[in-house]
Amino acid sequence: MREIGHFIGGKHVAGTSGRTSNVYNPATGEVQATVALADVADIRAAVENAKAAQPKWAATNPQRRARVFFKFVELLNQHMDELATMLSREHGKTVEDSKGDVIRGLEVCEFVCGIPHLQKGEFTEGAGPAIDMYSIRQPVGVGAGITPFNFPAMIPMWMFAPAIACGNAFILKPSERDPSVPIRLAELMIEAGLPAGILNVVNGDKAAVDAILTDPDIAAVSFVGSTPIARYVYGTAAMNGKRAQCFGGAKNHMIIMPDADMDQAVNALMGAGYGSAGERCMAISVAVPVGEDTANRLVDRLVPKIESLRIGPYTDDKADMGPLVTKDAYNRVNSLIDRGVDEGAKLVVDGRGFKLQGYEDGYFVGGSLFDHVKPDMDIYKTEIFGPVLSVVRAKNYEEALDLPMKHEYGNGVAIYTRDGDAARDFASRINIGMIGVNVPIPVPLAYHSFGGWKSSSFGDLNQHGTDSIKFWTRTKTITARWPSGIKDGAEFVMPTMK
Ligand code: NAD
């Protein structure tokens with residue numbers, strides 16, 4: 001059995017805790033590896049390596065830091081098939097979808113190739129008599145990232161690329177469910193020229209996370225995962241004096257106005273609802289058609305498409321979606337479908353009991369569709385994180401707008417319409433972080449920033465874009481006066497520009 005350890009100080013090391021967890025092939029249910037679960041000693045070893053390596057890296061000029069990322073991007077492209085297949089084997093999503101996971105991370109690495117410009121400070125000449133004032137952005141020191149299972153390439157790169165480009169050392173604690181790609185990324189960073197100790201990968205569960213949150217030498221923590229853990233990580237990190245940005249779960253709505261192009265809306269819902277088996281934080285899980293006629297036309301067109309979804313293992317290059325990540329996820333999604341039926345929603349397409357010949361022990365759930373879902377139902381309130389779409393019928397635009405406005409989560413939302421006035425009103429009034437106008441999954445590109453509102457995000461700076469440079473640096477402001485501008489005698493009053 002393959003044993004996955006940690007990557008500390010530029011080397012593969014075995015865990016010291018004696019605890020491990022299984023890594024499954026979700027398509028077959030077989031255990032394909034074990035992964036070490038770190039305790040405090042493993043995190044400490046990573047922090048010591050990071051601390052020792054960081055000052056020299058921070059003192060490396062930004063063009064040289066950027067060059068590591070230029071090379072890394074090249075290596076990612078060269079190793080794209082290998083990375084995508086490795087990712088699919090543990091996550092279950094199709095290989096093409098995994099390439100998207102790698103490419104969206106790669107784009108953040110391309111963005112940070114501009115670090116000499118991005119990290120530049122500000123300068124004011126003559127802020128006072130012979131006084132110049134300037135602000136510089138210095139790295140925070142040692143940062144850490146805790147990532148979820150659903151994007152094991154993109155989300156680690158969201159975090160380590162800007163952190164490292166800014167001159168920090170980094171400790172990545174990836175999901176224990178699909179740990180191989182993060183370790184491979186760290187190997188490739190070394191091949192790209194990164195000094196040992198700047199990027200460390202420590203595998204683990206809650207014990208590793210708690211060791212990160214209480215370690216006095218870790219200055220900043222970035223987290224992406226479910227909302228209860230995001231809230232916990234944010235609170236604990238802040239209590240321990242750390243800067244934190246924590247991103248949580250979602251329930252993304254798509255409003256379909258009566259004037260929308262119905263074919264486009266249906267295709268968008270298919271991809272956004274069932275791609276990656278619904279295991280995306282920006283997946284659409286609620287469709288809100290406006291008016292009965294829109295709702296009937298929508299459901300009539302969705303049903304045959306959902307029934308003919310091609311579901312398969314990652315080795316099937318024609319599959320639309322794969323299995324869920326673990327048996328627990330499979331059981332959870334099935335029981336939420338049961339719950340929806342008990343609550344009185346109409347299960348129009350039932351994906352429970354879906355079996356794929358030759359893969360009977362895989363964690364496959366068929367595409368499912370609920371109609372006539374009401375806002376007080378658990379299946380509406382809960383993030384299902386599976387291939388289950390709920391239709392909530394709204395009488396008019398205001399009623400449709402009210403649904404995502406009142407929902408606990410605020411990650412993404414979309415509106416399908418030809419009416420620019422309605423789209424503008426929607427984008428302006430909605431209390432959600434990322435909005436799509438005729439775009440079902442409005443994940444911003446690397447040079448803008450990613451982040452939700454409400455219970456989808458804790459902290460005030462987003463992932464990537466210029467926010468990430470702010471998050472991974474501290475501002476220092478210097479006020480300088482040369483002797484020619486200094487008056488004789490002591491001044492006892494507060495200096496002002498009076
Ligand atoms: P998760 O919360 O179970 O795990 C995330 C990380 O936290 C993992 O590294 C895990 O090891 C760790 N963890 C788990 N339990 C912990 C505990 N009790 N204490 C401390 N750490 C713990 O999330 P997941 O199932 O891996 O990922 C799916 C979730 O992530 C969904 O809710 C999804 O919406 C969310 N997500 C959000 C975004 C976003 O940007 N908002 C992006 C991707 C995924």
Side-chain angles (χ1 to χ4, degrees), residues 19 21 23 26 35-39 43 90-93 101 104-105 108 144-159 171-179 182 201-214 221-237 244-252 276-285 324-326 328-330 332-333 336 382-386 407-413 432-434 441-444 449-459 461-465 467-468:
R19 291 190 309 125
S21 157
V23 180
V35 60
L37 299 177
D39 63 10
I43 295 291
E90 293 179 357
H91 179 289
K93 62 176 130 181
D101 190 332
R104 275 304 185 109
V108 178
I146 301 157
T147 54
F149 81 85
N150 66 330
F151 285 102
M154 174 183 82
I155 296 181
M157 286 189 266
W158 277 2
M159 299 176 183
I171 293 160
L172 172 66
K173 204 303 285 171
S175 170
E176 62 276 39
R177 287 178 252 175
D178 42 15
V201 182
V202 185
N203 285 303
D205 55 7
K206 178 172 166 52
V209 171
D210 285 342
I212 287 172
L213 297 178
T214 51
V221 176
S222 182
F223 173 91
V224 176
S226 59
T227 287
I229 315 293
R231 195 177 271 126
Y232 166 76
V233 169
Y234 185 69
T236 315
Q245 52 168 196
C246 300
F247 299 86
K251 192 83 174 176
N252 306 311
S276 200
E279 289 176 321
R280 291 183 184 137
C281 65
M282 290 292 277
I284 296 285
S285 48
L324 294 173
V325 66
T326 56
D328 280 353
Y330 170 89
R332 189 177 164 278
V333 170
L336 278 160
T382 311
E383 179 183 42
I384 298 177
F385 226 54
H407 205 283
E408 177 196 353
Y409 294 112
N411 217 36
V413 71
I432 284 178
M434 293 171 281
I441 306 189
V443 176
S449 77
F450 179 108
W453 287 15
K454 300 190 275 185
S455 291
S456 296
S457 173
F458 305 88
L461 287 169
N462 282 346
Q463 297 286 354
H464 55 74
D467 268 21
S468 64

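Start at 1 and go down the list; that is how both ligands and their atoms are numbered. Just so you know, these numbers come straight off a predicted model, no measurement behind them.
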Practice problem: For Glu279, check salt bridge (Lys or Arg N to Asp or Glu O under 4.0 Å) against everything at least two apart and list the hits. | Solution: none

Quiz item: Does any non-hydrogen side-chain atom of Ser21 lie less than 4.5 Å from one of Arg177?
Solution: no

Quiz item: Who passes salt bridge (Lys or Arg N to Asp or Glu O under 4.0 Å) against Glu383, sequence neighbours left out?
Solution: none

Quiz item: How would you list, by chain and number, every residue that makes a ring pair (Phe, Tyr, Trp, His ring centres under 6.0 Å) with Tyr409, sequence neighbours excluded?
Solution: His407

Self-check item: Residue pair Tyr232, Leu213: steps toward the side chain to side chain contact (heavy atoms under 4.5 Å, CB included) verdict
Solution: CA-CA 10 Å; Tyr232 166 76; Leu213 297 178; 4.1 Å; yes

Exercise. Check whether NZ of the Lys or CZ of the Arg Lys93 lies under 6.0 Å from the centre of the six-membered ring of Phe151 and within 45 degrees of that ring's axis.
Key: yes

Dump the pairs for me: ligand 1 N or O, protein N or O, distance under 3.5 Å, to 0.1 Å.
unit_1   : atom_1 : unit_2 : atom_2 : d
ligand 1 : 2 (O)  : Ser226 : N      : 2.9
ligand 1 : 2 (O)  : Ser226 : OG     : 2.6
ligand 1 : 3 (O)  : Arg177 : NH2    : 3.4
ligand 1 : 9 (O)  : Thr147 : O      : 2.8
ligand 1 : 9 (O)  : Lys173 : NZ     : 2.8
ligand 1 : 11 (O) : Lys173 : NZ     : 2.7
ligand 1 : 11 (O) : Glu176 : OE1    : 2.7
ligand 1 : 25 (O) : Arg177 : NH2    : 2.9
ligand 1 : 26 (O) : Phe149 : N      : 3.0
ligand 1 : 26 (O) : Arg177 : NH2    : 3.3
ligand 1 : 30 (O) : Gly225 : O      : 3.2
ligand 1 : 32 (O) : Glu383 : OE1    : 2.6
ligand 1 : 34 (O) : Glu383 : OE2    : 2.6
ligand 1 : 41 (N) : Gly248 : O      : 2.8

